[in-house]
Amino acid sequence: MYRAAPASCLRSLQGRRSIRPPEGSQESFNFEQPPVLDGARLHREVPADRWCVTRKDLLQLRALIRRCVAGGRIVPTVQDAFSVQDDTTGPRIYTVNSQLIVPVTQKAGKASWALMLH
């Protein structure tokens with residue numbers, strides 16, 4: 001069951017500019033050169049109840065995963081032999097994490113995905 005983000009998280013997101021383009025825009029998410037942040041400082045100073053991803057963030061992540069699979073950025077492995085033509089099943093989150101999320105967040109100063117986005 002989907003639960004809305006906590007009110008403290010939603011308050012922290014209000015008025016913040018996202019690094020992601022609006023869904024359907026001609027721009028693309030620049031995961032090759034994300035903004036560089038001080039991840040360690042953010043994790044120390046931003047309260048944990050503000051480390052949030054919203055439903056919209058998850059939908060945009062799914063769109064990014066689709067683009068990455070289509071573009072060869074996320075590829076099947078021995079542990080996750082998903083079909084690149086199947087848009088309903090796969091890749092597993094382990095594959096997405098190791099091939100997309102970890103490399104992007106490393107380039108972004110080791111901030112979590114949520115802190116990098118907001």
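Position 1 is the first residue of the sequence, and the numbers go up from there.
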message: Could you go through Thr77 and Gln99, starting from their C-alpha distance and side-chain angles, then the distance that decides it, and tell me whether this counts as side-chain contact (heavy atoms from CB on, under 4.5 Å)?
response: CA-CA 10 Å; Thr77 65; Gln99 294 184 26; 3.4 Å; yes
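- Within the 4.5 Å cutoff, side-chain heavy atoms of Leu64 are placed close to those of Leu100.
- Inter-residue side-chain proximity for Pro34 and Gln106 is flagged as unmet; no heavy-atom pair is nearer than 4.5 Å.
- Under the 4.5 Å side-chain heavy-atom criterion for grouping Ile, Leu, Val, Met, Phe, Trp and Tyr, Val96 is not connected to Tyr94 through any hydrophobic cluster.
- Side-chain contact between Arg62 and Leu58: absent, with no pair of heavy atoms (C-beta onward) separated by less than 4.5 Å.
- Taking the side chain to side chain donor-acceptor pair (under 3.5 Å) definition, one finds that Thr95 meets it with Asp80, sequence neighbours left out.
- Every residue was checked against the side chain to side chain donor-acceptor pair (under 3.5 Å) condition with Arg92, not counting sequence neighbours, and none meets it.
- We find the CG-NZ distance between Leu61 and Lys56 to be 14.0 Å, quoted to the nearest 0.5 Å.
- Checking side-chain atoms of Trp51 against main-chain N and O of His43 turns up no donor-acceptor pair under 3.5 Å.
- Phe82 has its side chain within reach of Val69: a pair of non-hydrogen atoms, C-beta onward, lies under 4.5 Å apart.
- No side-chain heavy atom of Lys107 sits under 4.5 Å from any side-chain heavy atom of Val36.
- Contact between Met116 and Ala108 at its shortest, heavy atoms only, is SD-CB, 3.6 Å.
- Nearest heavy-atom pair across Ser98 and Pro103 is O-CD, 3.4 Å.
- Residues Ser112 and Thr105 share a closest heavy-atom pair of C-CG2, 4.1 Å.
- Proximity of Asp57 to Trp113: side-chain heavy atoms (C-beta onward) are nowhere separated by under 4.5 Å.
- Residues passing the side chain to side chain donor-acceptor pair (under 3.5 Å) test with Ser83, sequence neighbours excluded: Gln85.
- Shown here for Ala111 and Leu42, the closest heavy-atom pair between the two residues is CB-CD1, 4.2 Å.
- In the hydrophobic clustering of ILVMFWY residues, with side-chain heavy atoms under 4.5 Å counting as a link, Ile74 and Ile93 come out together.
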